[in-house]
Number of protein chains: 2
Amino acid sequence: MHRTDGSTDACGLATAGAYFFAPAKGETGIERLPKRQRQQRLVELIDENPFVTDRELTRRLKVSIQTIRLDRMELGIPELRERMKLMAERSYDQVRSLAAEEVIGDIIDLQLDRSGISIFEIREEHVFTRTQIARGHHIFAQANSLAVAVINDEIALTASADLRFVRPIHLGEKCIAKAYVRTSPGKAGRAKVEVLSYVGEEMVFQGNFIIYRSDDNKNR
Amino acid sequence: MHRTDGSTDACGLATAGAYFFAPAKGETGIERLPKRQRQQRLVELIDENPFVTDRELTRRLKVSIQTIRLDRMELGIPELRERMKLMAERSYDQVRSLAAEEVIGDIIDLQLDRSGISIFEIREEHVFTRTQIARGHHIFAQANSLAVAVINDEIALTASADLRFVRPIHLGEKCIAKAYVRTSPGKAGRAKVEVLSYVGEEMVFQGNFIIYRSDDNKNR
DNA sequence: AAAGGTTTTAGAACCTGGTACTAATCGCTA
DNA sequence: TAGCGATTAGTACCAGGTTCTAAAACCTTT
């Protein structure tokens, strides 16, 4: 005998007629919603807590477990275990790549000892929640990463920098940093790198970096 | 990763099963290992790929699935689904807290419009893997966060900065940043903040920040 | 009122990747 | 020879599902 998802008919009588034409927003809180709204609510609930089971959703939405499952299927939402697996995999990959993340922003062009370009999109985690303006250190991180990357040496460390945040950068904006090496390549000790960051045509940040270099690019 | 690492008492229980020290059976590559070594290998395999099932491990270690499960139990390694759940939960919490992370480093003292102190420990994810030296932007992030935090305004944005990375900071070092507001509080427009970061007695970083302020600290 | 469509519910069979438990069996040793 | 740890086998059971079939329940149209 296999156990079957019993579900002790929690709401048999709720199936009375005209079941959602009542003053839909009663005291009772959640009356059964029409399909569209229920599915929307389902998405919200799962989004809010991805660890919720179908059985739990049954409780919250006052429909049968089959309905929940049909809804998930229609909406293309995978089952709990699949969701957890996806999260786990994502975080696992992230951990792996985070360690490798030597650079903030995507470098899309790099001419060693000459110049480089990187793109960095301002996302939720980069802004002040209140103002939606990017925190300065993320803008700096992009510029600094690029300045270090453009130096063709075993070891390159920022020695000093001079920054100007020209205008606030907002959530969703794509920040394009362009770095130019100002001293001749291979010159011992220190390199000077200028980084200019743009959103569209507009310059939003400017930095002058002095990069300490190990100066052993010959043995690579 | 999550290495539960259950006390591998090296030789507490003299494992009687030394009965596999016969000619190591070079023929078939991995022949069955003695218990201790197998368990060690098990830990390695799971560590290497936390998404591996017991059945897969059976293949790899050439023992029955019961043995795998006994081993997991002895070692306190949870089942695959539990492992995935833990990873998912951890990453979920991380995402949540990352978004809330308005400040890099722990602020341990703050006198608004006067001074502030924060501590930041250099961990794996902050250093160049090759050299174990902290990337500049993390050091900057700590200083910048503190400089912004110390300004008692609705909105405070970095306008410009002038940085000196005095000496490299290494993995494991605790960086203590001290910020001093150099202009009189409430003065309109811009505040000047000096941040000095130390490892022990040694100054490792110095920054002069100009912080743009909304200057509406009265209505708080 | 009957027909027809959508929505919702029910139930059974089956799946994966396990746990929990009992009971052999193997290989060596005291 | 008995004993003992290590290993294997097998069964029952579980959560949290998928898949499928089938029957209501509801709503609109004819």
Side-chain angles (χ1 to χ4, degrees), chain A residues 1-22 31-42 46 49-59 61-88, chain B residues 9 11-22 25 31-42 46 49-59 61-88:
Chain A
M1 295 310 123
H2 259 265
R3 69 181 273 58
T4 66
D5 296 332
S7 110
T8 52
D9 182 23
C11 50
L13 67 119
T15 59
Y19 59 143
F20 55 72
F21 274 129
E31 213 54 37
R32 312 176 93 196
L33 302 158
K35 192 175 179 182
R36 274 258 122 57
Q37 289 172 47
R38 185 191 58 231
Q39 293 193 338
Q40 199 179 318
R41 187 81 190 102
L42 183 81
I46 291 180
N49 174 21
F51 299 92
V52 70
T53 62
D54 286 359
R55 208 174 298 281
E56 179 67 16
L57 290 167
T58 287
R59 266 207 332 101
L61 295 174
K62 307 288 186 206
V63 289
S64 74
I65 203 156
Q66 282 80 0
T67 302
I68 299 291
R69 288 171 177 170
L70 282 172
D71 283 354
R72 269 201 301 101
M73 257 170 256
E74 277 182 41
L75 297 168
I77 299 172
E79 62 166 293
L80 168 60
R81 284 162 170 172
E82 209 52 42
R83 294 197 299 270
M84 293 197 302
K85 188 178 179 187
L86 288 172
M87 281 192 281
Chain B
D9 64 306
C11 47
L13 312 168
T15 148
Y19 54 90
F20 245 101
F21 249 105
K25 219 64 199 108
E31 211 50 41
R32 317 172 85 194
L33 303 157
K35 190 173 179 182
R36 281 256 115 67
Q37 289 172 47
R38 185 190 59 231
Q39 293 194 338
Q40 198 180 319
R41 187 81 190 103
L42 184 80
I46 292 179
N49 173 21
F51 298 93
V52 70
T53 62
D54 286 359
R55 204 170 301 280
E56 178 68 15
L57 290 167
T58 286
R59 268 207 328 103
L61 296 175
K62 307 285 184 205
V63 288
S64 74
I65 203 155
Q66 283 79 0
T67 302
I68 298 291
R69 288 171 177 169
L70 283 173
D71 282 354
R72 268 201 303 101
M73 257 169 257
E74 277 182 41
L75 297 168
I77 299 172
E79 61 165 297
L80 168 59
R81 284 162 172 172
E82 209 53 41
R83 296 197 299 269
M84 293 197 301
K85 189 179 178 186
L86 287 171
M87 281 191 280

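- Contacts of A/R83 with the nucleic acid, taken as non-hydrogen atoms under 4.0 Å apart, are absent.
- Counting only heavy atoms from C-beta on, A/D54 has its side chain closest to D/dT18 among C/dA10, C/dG18, D/dT18.
- Following rounding to the nearest Å, B/R36 (CZ) and D/dT7 (C1') show an atom-to-atom distance of 16 Å.
- Comparing atom distances between the B/E79 side chain and each of C/dT19, D/dG17, C/dT8 picks out C/dT19 as nearest.
- Here C/dT19 presents its P atom at 11 Å from CD1 of B/I77, a figure rounded to the nearest Å.
- With DNA chain C read from its 5' end, the first of the two nearest nucleotides for A/E74 and B/V52 is the one closest to A/E74.
- For A/R69 and C/dA13, the CZ to C1' distance is 14 Å, given to the nearest whole Å.
- Within 6.0 Å of the CD atom in B/E56, the count of heavy atoms belonging to other residues, nucleotides or ligands exceeds 12.
- No hydrogens or angles were tested; on distance alone, nothing pairs the side chain of A/R81 with the base of D/dG17 as donor and acceptor under 3.5 Å.
- The base of D/dG17 does not come close enough to the side chain of A/E82 for any donor and acceptor atom to sit less than 3.5 Å apart.
- Put simply, A/R72 has a side-chain N or O that comes within less than 4.0 Å of OP1 or OP2 on D/dT18.
- If you check every strand for non-hydrogen atoms under 4.0 Å, B/R38 touches sugar and phosphate atoms only.
- Protein atom CE of B/M84 is 14 Å distant from nucleotide atom P of C/dT16, rounded to whole Å.
- Looking at B/D71 and B/R41, their side chains never come closer than 4.5 Å, going by heavy atoms from C-beta outward.
- Distance CG (B/L61) to C1' (D/dA6): 15 Å, rounded to an integer number of Å.
- Separating the CG atom in A/L70 from the CG atom in A/L75 is a distance of 10.5 Å, to the nearest 0.5 Å.
- Nucleic acid contact class of B/I65 (heavy atoms, under 4.0 Å, all strands): none.
- C/dT7 atom P lies 13 Å from atom CG of A/L75, rounded to whole Å.
- Atom OG1 in A/T53 sits 7.0 Å away from atom CG in A/L80 (nearest 0.5 Å).
- You'll find that the side chain of A/L80 is closest to D/dG17, out of C/dG18, C/dT9, D/dG17.
- Atom-to-atom distance recorded for A/I68:CD1 and A/I46:CD1 is 8.0 Å, nearest 0.5 angstrom.
- If you measure from atom CD of A/Q66 to atom C1' of D/dA22, you get 12 Å, rounded to the nearest angstrom.
- Going from atom CG of A/L57 over to atom P of C/dT9 covers 14 Å, rounded to whole Å.
- Side-chain atoms of B/S64 lie closest to D/dA9 of the nucleotides C/dT8, C/dG18, D/dA9.
- More than 12 heavy atoms of other residues, nucleotides or ligands sit less than 6.0 Å from atom CD of A/E74.
- Ionic pairing of A/E82 and A/R72 is not present here: no N-O contact between side-chain nitrogen and carboxylate oxygen is shorter than 4.0 angstrom.
- Here the nucleotide nearest the side chain of B/K35, chosen from D/dT7, D/dG17, C/dG18, is D/dT7.
- Among B/R81, B/R83, B/R69, the single residue meeting the salt bridge (Lys or Arg N to Asp or Glu O under 4.0 Å) criterion with B/D54 is B/R69.
- B/R55 comes within 4.0 angstrom of no nucleic acid atom, judged by non-hydrogen atoms across all strands.
- Side-chain contact between B/R36 and B/P34 is absent, with no heavy atoms from C-beta onward closer than 4.5 Å.
- Of the listed nucleotides (C/dG18, C/dT9, D/dT7), D/dT7 has the atom at the smallest distance from the side chain of B/L70.
- Taking every side-chain heavy atom of A/M73 into account, D/dT18 is the closest of C/dT19, D/dT18, C/dT9.
- Across its full length, the helix from C/dA1-D/dT30 to C/dA30-D/dT1 shows an angle of 20° between the axes of its 5 terminal pairs at either end, rounded to 10 degrees.
- OP1 and OP2 of C/dG17 both lie 4.0 Å or more from every side-chain N or O belonging to B/T53.
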